[in-house]
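All ligand and atom numbering here is 1-based and tracks the order in the structure.
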Amino acid sequence: MKIADKLLGVFGCSRSFDELLGFAVANIAHEMAADSCSIFLFDPSTRSLQLRASSGQPAGHATAALAAAEGLAGTALTQMLPETKDHDSGSVLAVPMALRGQPIGAIVVQTTQRGPYTAEQIQVLFEVASQMVGIVENARVFKTLAGGKDLEKKPGGPEGRGERHDGEQVLHGVAASPGIAIGRAVLRRAYAKQPAQQPSGPHDDAAERVRVRDAFEKTRNDVARIRDAAARDLGEEHALIFTSHLVMLGDPALHERIEEVVASGLAAPAAIDAALGEFADRLRTVGDPYLQDRVEDIDDLHSRLADHLVLDGRGGSLGTQIVVSPHVAPSLVMETKAQGAHGIVAELGGTTSHGVLLARSLGIPAVTGVDDIVRRIDPGDVVVVDGSAGIVVVRPTPETLARFEKRAQDVERLRTEFAKYRHVPARTADGVDVSILSNVAFGADLALAKENGAEGVGLYRTEFPFIVRGGFPTRDEQVRIYRKAYDAFPQGPINFRILDLAGDKFVSTRGAAAARGAFHGYRSIRVLFDYPHVLRDQVQAFALAAGRRPLRILVPMVSSVDELLRVKQMTLEAIEQVVEPGARGTLQFGAMIELAAAVEITADLAAHVDFFSIGTNDLIQYTLVIDREDPRMTSVNDAYHPAILRIIRRVISAAHHAHKPVTVCGEMAARADLALALVALGADALSVAAPEIPGLKRSLARASIGPLAEQIDRVLACPDGLALQAALREAVTARAEDTA
Ligand code: PEP
Ligand code: MG
């Protein structure tokens, strides 16, 4: 059912929110073969539901039926679950609408024609509701924006920044994703006001309006192109984030406001500055976090429009851009990939933040933690990103540029040399075979994993389709997504991780909202205990995707045997609802070891799982109490803290004692010296981002594990990270020399 697409069409040419809702209820009633459909929207000021649109004849007495519908809508929204009620005169079904932690409303359908709504029909309406949320929320944003007519705010003008920057600047940040990228800066989610935006020469209304139209047209084409590329390269679900941009570009109130400002005598860039700046300000003052989040979208559009108006193509072709942004959000990385930009520079984002992990897995060089970068750079500036050294050079001199171009060539040569190792087995110089798997987050990773010679998927992070939706993909959508993993690796192994919601992997439900920004407490499987239908749908989707093939399910953030058993039981029950035990392949469970509590009880957990996976990103975060999203806190050297390798030694030893294999799937497994240490400690497999695989195989091939294993206790006995790193380097180098 493509109600969302139909609504999008209507939205572009309609001024009225009520018209939009009227169209929606009529369509939903028709598609659901219902007698009536009603949409209730949540009013945050009164914290109550308001009937906003209804179609058809509700069953029985209209007022009573509507009251019943409202009651059911309220329950659905409170529970965040579909609610059904069957009575003599028919059935009523209510599904909630929520986004990024905010209750939005509910859709209610009623019928007298048949018995209770089936699970499939409930699922269909649930899907419609999640599609509707974005559309309804865009309408709400526009309504909020249209609400104030405070046009007195001084428009345009160079504020905050605007001073031209000259000369080379070398900036230091965090080496987030390796590689060298050279290109021209384009700002995303941030906007640079330019002195050039002031009108020069006599003002010509008509000409300025044409400039505005032209910039909108080009921006719309850009966004549509990125959306299509995202759908093609990354998967349909990743294209969703760009749909709301398109809706916003079509907002009649925005266009009207820009025209007004142009008519008041300002040039096109200043008019866009004024209108978008004013809209963003209004959203900032609304006490609704969802609406406040949309400021980012407005800033993003602002930067795109400015590229066309001010830079007039000087920003360079999409393929040569360096994206500069305050944050390195996963959506930004997807966009960067989809539009073919070369590198990323950001102010925030630690080495294991999820945006950074994505950049690494997609092979996009990135430097994060560069203070104030958005203010220090002008769009169109030439920028060098050295993601291996954590250096950004803005406006390099010809000599600097030549030096980095040479380095980029060297890196490329090395990459070609590493590529030879893609399809050779991972084996150390002294003949120890190591299983190398890939971490995967979305469709494109699977192709990369195969291309780089992964033996399977050591960690399938399943959060991204949820994140980009800001809601829940349906079970069928999930089946389609997970099946692709089996298409890529028919023989497996594929370790599907159960949805691991957290501060860094935020998804929109009211419950998960509580976990936003919080890495402790209410996260991961604990959230799923409150939302059992989410867990049910996901594990059923795993099982349906697997069919008769082996299914391996990884439970994240395990902290007790109790929790593990509860997840296992819920999973088994859910799977049995869709696949008979005799009709499926083997089912194995694994536990992720990421918490100190899990480390202590590895032996107890071993009795209930078939394998373990050590998530060192969170293990390091929780052991050293450092926020993995915060570049001020994290360093690639954290992994050398002796506590980390000693913990890993204990976990491997306890697991092996129970004959259970251990994979290490955090980022440290990709670093040559640490990877060798992990193998020396007995890790059975390493799971890393796909582009890291050839280099890792090469490092293994050049080292002997036996002698290192003999020295590993001495290395781990070092009292601090620096000493351990030096001892490890010495042990590894000595071995490499021995075998040379
Ligand atoms: C980890 O914590 O190390 C891990 C692999 O999981 P994620 O990075 O997805 O939290
Ligand atoms: Mg983790």
Side-chain angles (χ1 to χ4, degrees), residues 176-177 328 330 333 349-361 436-442 445 449 454 457-467 494-507 512 515 518-521 523-528 538 552-559 563 567 590-599 611-630 633-634 636 638-639 641 643-645 647-648 651-652 662-671 674-675 678 683 685-690 692:
S177 175
V328 57
V333 182
T351 47
T352 60
S353 76
H354 275 80
V356 165
L357 294 187
L358 264 185
R360 211 172 298 148
S361 87
I436 305 284
L437 306 164
S438 181
N439 294 344
V440 159
F442 52 96
D445 280 344
V457 178
L459 171 67
Y460 193 128
R461 294 186 168 102
T462 58
E463 295 77 29
F464 290 97
F466 291 77
I467 292 171
I494 303 162
N495 296 337
F496 287 107
R497 178 173 70 187
I498 286 174
L499 191 62
D500 183 20
L501 303 180
D504 56 342
K505 293 168 263 184
F506 168 70
V507 170
F519 288 89
H520 301 279
R523 59 166 295 176
S524 195
I525 51 175
R526 292 177 187 166
V527 176
L528 295 182
Q538 184 176 47
R552 290 164 63 90
I553 297 181
L554 193 48
V555 186
M557 287 291 147
V558 172
S559 69
E563 273 178 353
V567 174
M592 285 196 76
I593 303 290
E594 305 176 271
L595 308 177
V599 172
F611 62 100
F612 285 101
S613 190
I614 306 181
T616 58
N617 301 334
D618 280 312
L619 184 67
I620 292 171
Q621 165 168 258
Y622 291 121
T623 304
L624 306 184
V625 191
I626 47 172
D627 178 350
R628 63 191 274 190
E629 293 287 308
D630 187 341
M633 299 284 124
T634 58
V636 284
D638 296 335
H641 191 298
I644 303 303
L645 282 171
I647 284 174
I648 292 173
V651 171
I652 292 176
V662 181
T663 299
V664 180
C665 64
E667 293 309 295
M668 70 184 268
R671 302 196 62 182
L674 290 166
L678 293 169
L686 305 178
S687 188
V688 300
E692 315 268 15

Of Arg461, Met557, Met668, the one whose closest heavy atom lies nearest atom 9 (O) of ligand 1 is Arg461

Under 4.0 Å between heavy atoms, the region of Leu459 that gets near ligand 1 turns out to be side chain

Within the structure provided, determine whether Asp445 and Asn439 are in side-chain contact (heavy-atom separation under 4.5 Å). no

Tell me, do Ile648 and Val599 make a side-chain contact under 4.5 Å, heavy atoms counted?
no

Taking only non-hydrogen atoms of Cys665 and a 4.0 Å limit, the atoms of ligand 1 in range are 5 (C)

Between the CE atom in Met592 and the CG atom in Asn495, the distance rounded to the nearest 0.5 Å is 9.5 Å

Arg497 heavy atoms within 4.0 Å reach ligand 1 at atoms 6 (O), 7 (P), 9 (O), 10 (O)

Note: OE2(Glu594)-the Mg ion (ligand 2)-OD2(Asp618) angle, rounded to 10 degrees, equals 100°

- Query: Below 4.0 angstrom, N of the basic side chain to O of the carboxylate: do Arg671 and Glu692 qualify?
  - Reply: no

N/O/S atom of Asp500 under 2.8 Å from the Mg ion (ligand 2), yes or no? no

Measuring only between side-chain heavy atoms, which start at C-beta, is Val457 closer than 4.5 Å to Phe496? no

Counting heavy atoms under 4.0 Å, the part of Gln621 that contacts ligand 1 is neither

The atoms of ligand 1 lying under 4.0 Å from a heavy atom of Asp618, numbered in the order shown, are 1 (C), 2 (O), 3 (O), 10 (O)

- So do Glu463 and Leu499 actually touch side chain to side chain, heavy atoms under 4.5 Å? yes

Exercise. Please state whether Glu463 comes within less than 4.0 angstrom of ligand 1, counting heavy atoms only.
Key: no

Note: ligand 1 atoms sitting under 4.0 Å from heavy atoms of Gly666 are 3 (O)

| Should Arg526 and Met557 be marked as a side-chain contact (heavy atoms from CB on, under 4.5 Å) after you check the CA-CA gap, both sets of side-chain angles, and the distance that decides it? | CA-CA 9 Å; Arg526 292 177 187 166; Met557 287 291 147; over 6 Å; no

